[in-house]
Amino acid sequence: MDYNYLADLLYPNITTMPEDMEARYPKRDLPEGAKVTRIAPSPTGFMHLGNLFGAITDERLAHQSGGVFILRIEDTDAKREVEGGVETIINVFSRFGLSFDEGALIDGEFGNYGPYRQRERAEIYQTYAKQLIREGKAYPCFCTEEELAAIHAEQEACKADYGYYGKWAVWRDAPIEKIEEQLKNNVPFVLRFRSEGSIENKFKFTDLVKGDVEITENDKDHILLKSDGIPTYHFAHAVDDHLMRTTHVVRGEEWLATLPFHLQLFKALGFKIPKYCHTAQLMKIDNGNKRKLSKRKDPELALDFYHAGGYPVPCVIEYLMTLLNSNFEEWRIANPNSDIKDFKFSTNKMSVSGCLFDLDKLTDVSKNTISRMTAEEVYDYVYKWASEYDKDFADTLSSDKDYAIKILSIGRGGNKPRKDIAVWSDVKPYMSLFYDKYFEVIDEYPDNFDKADIKNTINEYIEVYDQNDSQDEWFNKIKAIAEKLGFAPETKLYKKNPEQYKGHVGDISMFLRIAVTGKMNSPDMFAVMQILGKDKVIQRLKAMADKI
Ligand code: GLU
């Protein structure tokens with residue numbers, strides 16, 4: 001067979017040669033050890049934790065080594081693409097604070113190794129495909145869907161491996177006349193790889209995360225270019241990562257199965273094989289069993305979940321880092337105030353098998369982190385979040401920023417800061433008692449108290465309340481009311497002789513607390529009253545007394 005002739009017959013419009021591409025995308029001039037990584041999501045509109053997991057790894061490997069981090073858009077499967085998919089990818093990564101050195105932008109791209117959208121790279125792929133044909137390493141296949149389905153059915157019947165190989169590879173050695181005839185009749189074709197591999201052969205391969213893995217050679221003649229001349233993932237991966245000069249391919253372990261084919265392709269194309277880091281799946285415990293996070297069952301898999309729910313970005317990153325590198329937590333304890341970027345990320349500290357993702361743990365990390373922020377920091381984050389998700393609340397906050405900061409300062413700054421806030425969406429319910437337009441009495445008085453005692457407590461308190469009281473004076477007044485109404489002024493006394501009292505000072509506080517804050521549990525009531533001011537406190541007390 002004259003392969004040169006075949007190559008021109010199949011891709012007559014391709015006049016470029018691999019050398020042209022090599023010249024167009026020269027080796028990068030980077031310092032020794034600098035890593036070039038890329039994240040290559042498909043614009044399906046759905047961004048998941050796995051994307052972020054990989055992106056953080058890529059970003060750290062590249063940036064801590066003085067390398068390059070690329071955003072490539074894998075849009076070869078037009079059927080899965082949604083409108084605005086690229087925008088979603090870019091926005092999500094930017095929200096999580098990841099910055100690229102080159103790659104796709106919402107409108108256009110930046111960098112010298114583009115195009116960064118695969119569909120715009122058809123000429124590049126076809127240049128290499130044509131070279132493979134010239135070398136007898138690729139051939140056209142004109143099988144229809146029906147013919148492929150028939151092959152599959154036959155393989156099923158005789159329990160053979162599925163796929164296009166061996167005697168099933170009907171076009172592998174087709175004579176040129178037959179190919180010419182199909183082309184004359186405009187029958188569409190795909191371009192297949194001519195595999196020389198055998199499943200009898202195994203070899204060792206070192207993955208930077210998985211360690212040494214045993215690989216079985218690929219014997220299938222997989223598709224390189226589809227009938228529209230657009231590549232499959234496999235071929236695009238080899239060509240792009242070669243020409244973009246990627247040094248480290250970080251991707252999910254689901255790609256491990258096709259690694260034999262990828263290695264074969266790099267070899268056939270004469271490319272240097274990059275280092276691979278196949279990252280473990282994110283798992284969760286469900287009813288005592290470990291399972292993969294699922295798009296259908298687990299809302300926490302979607303990255304939108306964290307933004308809309310108001311998870312602070314640094315907390316999500318911090319938590320993911322604990323899953324990504326086993327020594328991160330230890331480092332964090334030793335360096336509580338260091339920038340996360342000072343941590344030395346390494347692939348050999350990554351989990352080999354599944355990573356357990358626990359939303360409760362993230363919520364905990366988040367609570368702790370927020371409790372250590374200043375009121376001003378919390379304000380800025382919440383205001384930004386609310387501007388997108390709750391405009392009215394954002395306006396309320398900014399209408400009196402000092403007031404909002406006073407509220408957010410309650411219980412902050414000491415050794416044991418309050419931990420009421422885990423996510424930004426918790427802040428409105430937490431602060432609502434301070435704003436008449438959001439205030440409501442949510443909790444009811446427990447049935448075991450006499451309504452008259454509650455009413456009397458409130459009325460007595462209205463008489464004595466003084467905004468200028470110190471915390472001690474304030475509390476002594478509450479104790480005095482307790483005593484007057486037959487409640488123990490101290491819990492201790494009540495515990496000793498409960499039968500002597502109707503209740504204790506804590507109950508009296510609770511009567512007032514529900515009236516003033518609307519809830520059984522609230523931040524420190526003295527602080528709350530100070531911030532609300534006399535008029536509001538008295539007005540709420542009166543409103544409650546009238547209701548009882
Ligand atoms: N588009 C592929 C994915 O999102 C990229 C895999 C890779 O990084 O090579 O899974």
Side-chain angles (χ1 to χ4, degrees), residues 375 379 392-393 395-412 418 420-421 426-491 494 501-548:
Y379 177 91
D392 183 72
F393 184 47
D395 292 344
T396 305
L397 288 173
S398 61
S399 69
D400 190 345
K401 184 170 168 182
D402 291 344
Y403 184 66
I405 287 185
K406 258 194 226 157
I407 302 167
L408 291 169
S409 303
I410 301 176
R412 207 165 274 287
R418 286 186 67 91
D420 303 278
I421 304 167
D426 287 345
V427 176
K428 185 178 178 187
Y430 174 72
M431 290 177 82
S432 58
L433 75 97
F434 293 93
Y435 297 94
D436 283 340
K437 67 183 209 184
Y438 299 136
F439 173 70
E440 9 165 19
V441 178
I442 294 167
D443 290 332
E444 288 182 6
Y445 287 111
D447 289 337
N448 56 330
F449 293 103
D450 196 338
K451 288 268 181 298
D453 284 329
I454 300 175
K455 194 169 174 132
N456 288 337
T457 301
I458 296 175
N459 284 331
E460 291 279 345
Y461 191 70
I462 292 172
E463 290 303 312
V464 297
Y465 179 67
D466 183 345
Q467 176 84 10
N468 298 319
D469 282 345
S470 68
Q471 184 144 14
D472 286 345
E473 287 162 343
W474 170 86
F475 194 50
N476 285 339
K477 286 183 176 173
I478 296 179
K479 283 196 207 167
I481 296 174
E483 213 157 3
K484 187 164 174 189
L485 296 180
F487 286 68
E490 281 174 35
T491 333
Y494 176 76
Y501 302 101
K502 293 182 190 168
H504 56 79
V505 65
D507 300 321
I508 297 292
S509 294
M510 179 262 289
F511 298 162
L512 298 172
R513 187 186 299 274
I514 291 188
V516 175
T517 71
K519 292 181 223 164
M520 285 262 195
N521 296 308
S522 75
D524 176 49
M525 192 162 50
F526 176 73
V528 171
M529 288 185 175
Q530 290 290 313
I531 294 173
L532 279 175
K534 179 164 184 178
D535 291 350
K536 248 182 220 161
V537 172
I538 299 292
Q539 178 202 331
R540 288 190 187 174
L541 290 167
K542 281 195 171 145
M544 185 56 94
D546 287 348
K547 264 203 328 206
I548 296 173

Test ring-ring contact (aromatic ring centres under 6.0 Å, His included) applied to [X] - qualifying residues, sequence neighbours left out:
X	result
Phe439	none
Tyr494	His504
Tyr501	none
Phe475	none

Residues 397-410 vs side-chain hydrogen bond (donor to acceptor under 3.5 Å, both in side chains), sequence neighbours excluded, gives none
Of all heavy-atom pairs linking Pro523 and Val528, the shortest is O-CG2, 3.6 Å
Sorted by chain and residue number, the side-chain hydrogen bond (donor to acceptor under 3.5 Å, both in side chains) partners of Asp392 (sequence neighbours excluded) come out as Lys437, Tyr438
Taken in chain and number order and not counting sequence neighbours, the residues that satisfy side-chain hydrogen bond (donor to acceptor under 3.5 Å, both in side chains) with Lys502 are Asp453
Sorted by chain and number, sequence neighbours left out, side-chain contact (heavy atoms from CB on, under 4.5 Å) with Ala482 holds for Phe487, Val505, Ile508
Side-chain polar contacts of residues 427-436 - donor-acceptor pairs under 3.5 angstrom, sequence neighbours left out - could you list them?
unit_1, atom_1, unit_2, atom_2, d
Lys428, NZ, Asp390, OD2, 3.0
Ser432, OG, Pro429, O, 3.0
Asp436, OD1, Arg540, NH2, 2.9

For residues 530-539, which side-chain donor-acceptor pairs fall under 3.5 Å, sequence neighbours excluded?
unit_1, atom_1, unit_2, atom_2, d
Gln530, NE2, Gln467, O, 3.2

Applied to residues 463-475, the salt bridge (Lys or Arg N to Asp or Glu O under 4.0 Å) test, sequence neighbours excluded, yields Asp469-Lys477
Quick note, ring pair (Phe, Tyr, Trp, His ring centres under 6.0 Å) partners involving residues 522-548, not counting sequence neighbours, are Trp474-Phe526
